[in-house]
Amino acid sequence: MKTIVTIVDNSMDNEREYQQAVDMLSAGEVVAFPTETVYGLGAVATNEKAVEKIFQAKGRPSDNPLIVHIGTQGEVAHYAKSISLEAKQLMKAFWPGPLTLVFEQIPHIVAPNVTPGVTTVGIRMPDHPVALRLLQTLKLPLAAPSANRSGKPSPTEALHVKKDLNGRIPLILDGGQTGVGLESTVIDMTSTPPVILRPGGITKDMIEAVIGPVETAHGLKTAEAPRSPGMKYAHYAPEAPLFIIEANQEKIKEAVTAIQKEGQKVAVIGPNDLNMTAADWYFAIGANTNVEEMAANLYKALRQCDTTEADLILAVETNLEGVGEAFMNRLLKAADGRRYDV
Ligand code: TXA
Ligand code: MG
């Protein structure tokens, strides 16, 4: 299959490009498109065969439910059994935006492979002009996971999608670099209080300012079944082993020297203001005072490490405030929990 990449710059007339994407989706094909978080790989959520193509293209385990994307707030009532006052307040405050709400679903509306093994459905309205225009022209919901091969960092540029899925999908809409750079916050609205299953751009503080106290899933006992099935799989991993390291210039230098002494090459991912001339590669991803900027550039840096000959990657940790929680959540997964101790 040949993969077409189409640039959809909203400043020009590109009705034909959107129509092509809509026609392919309506015909049961998959299409990659930008959202404000990461690129998604969409298929019409009510078409089981189309959704199956997502799992095939990504190599995604079939027991991991997909998020349903909608183009208008009102559509949520087509899929959610009931919408609590808190859910309404969150939708009003943060939609369109990087927040996925999990509801009990009205059965037999979305295809069964969108929500394998669960009676709930995760829904979000993305805040990106291309995603919104696509959804509003299509007038159907799109099931869309991140448009990467399973296990790889999520794509924040069309080029990342092409690298992973070239020849496996027919069309990529190129809307430039995404904004947030980490996947949406997922919150389970079926429990009281609601539980954050995956931290993201909409932080716990932002949510609590609207609906009061909520819980976070990583506080749950590990013996409990994962609440968000995606939590149990390896994620975001670059090819070389990655270790998290404290944001301390001296300690990082010591680590780099020790690794190089073993005859190994090392790439470091960290803030702009570290002086890391000793590392074989240094990927500066933003000011250390600006976690949003670091989050926006993290996945790109993880992918850039794969273009080096690094034997080992060190990634500098941030604090857990605001988006720092989501940043460290993804970094811990990419590192499989490992830290480098000097
Ligand atoms: O920002 C995002 O959310 C991106 C863009 C494309 O919208 N999408 C995304 O999808 O990250 P994906 O499939 O890579 O991650 C979806 C996560 C998984 O961890 C999955 O387990 C969880 O959301 N999830 C989806 N539906 C769920 C449900 N009904 N109950 C619990 N967890 C759910
Ligand atoms: Mg993903």
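This one's a predicted model, so the numbers in the text were calculated from it and none came from an experiment. Ligands are counted one by one from 1 in listed order, and the atoms in each one are counted from 1 as well.
Of all the heavy atoms of Thr120, the ones lying under 4.0 Å from any atom of ligand 1 are found in both the backbone and the side chain. With a 4.0 Å heavy-atom cut-off, ligand 1 is reached by no atom of Asp188.
With no hydrogens or angles considered, no side-chain donor-acceptor pair links Ser184 and Thr37 at under 3.5 Å. Remark: the Asn148 side chain and the Arg303 side chain contain no N/O donor-acceptor pair separated by less than 3.5 Å. Defined by atom type and a distance below 3.5 Å, a donor-acceptor pair is missing between the side-chain atoms of Ser146 and Glu183. A donor-acceptor contact under 3.5 angstrom links the side chains of Gln19 and Asp23, judged on distance only. A donor atom on one side chain and an acceptor atom on the other are not found under 3.5 Å apart for Tyr18 and Gln136.
Backbone and side-chain nitrogen or oxygen atoms of Thr100 are examined, and none is located within less than 3.5 angstrom of a nitrogen or oxygen of ligand 1. Considering backbone and side-chain atoms together, Tyr39 places no N or O closer than 3.5 Å to any N or O of ligand 1. Between His69 and ligand 1, at least one N/O pair is under 3.5 Å apart. For the pair Glu183 and ligand 1, the shortest N or O to N or O distance does not fall below 3.5 Å. For Lys58, no nitrogen or oxygen atom sits less than 3.5 Å from a nitrogen or oxygen atom of ligand 1, counting backbone and side chain alike.
A donor-acceptor pair is defined here as one N or O able to donate and one able to accept, closer than 3.5 Å; no such pair exists between the side chain of Arg338 and the backbone of Phe243. Side chain of Gln249 to backbone of Asn275: a donor-acceptor contact under 3.5 angstrom is found.
Distances below 4.0 Å separate heavy atoms of Gly40 from the following atoms of ligand 1: 6 (C). In summary, the atoms of ligand 1 found under 4.0 Å from a heavy atom of Gly122, numbered by their order in the structure, are 29 (N). Taking a cut-off of under 4.0 Å to the non-hydrogen atoms of Leu197, the atoms of ligand 1 that pass are 31 (C), 32 (N). Every atom of ligand 1 with a heavy atom of Ala144 under 4.0 Å away is listed here by number and element: 6 (C), 8 (N), 10 (O).
For the ligand labelled ligand 1, residue Pro126 lies outside the 4.0 Å heavy-atom shell. By the 4.0 Å heavy-atom criterion, Arg60 is counted among the residues contacting ligand 1.
Salt-bridge annotation for Glu36 and Arg124: present, with a side-chain N of the basic residue lying under 4.0 Å from a carboxylate O of the acidic one.
Across all their heavy atoms, Asn319 and Met328 have their closest contact at O-CG, 4.3 Å.
For the side chain to side chain contact (heavy atoms under 4.5 Å, CB included) criterion with Val22, the lone passing option out of Val31, Leu135, Leu134 is Leu134.
Under 2.8 Å from the Mg ion (ligand 2) lies an N/O/S atom of Ser146, whether from backbone or side chain.
If you check each of Pro145, Ala147, Ser154, Ser150 against atom 10 (O) of ligand 1, the one with the closest non-hydrogen atom is Pro145.
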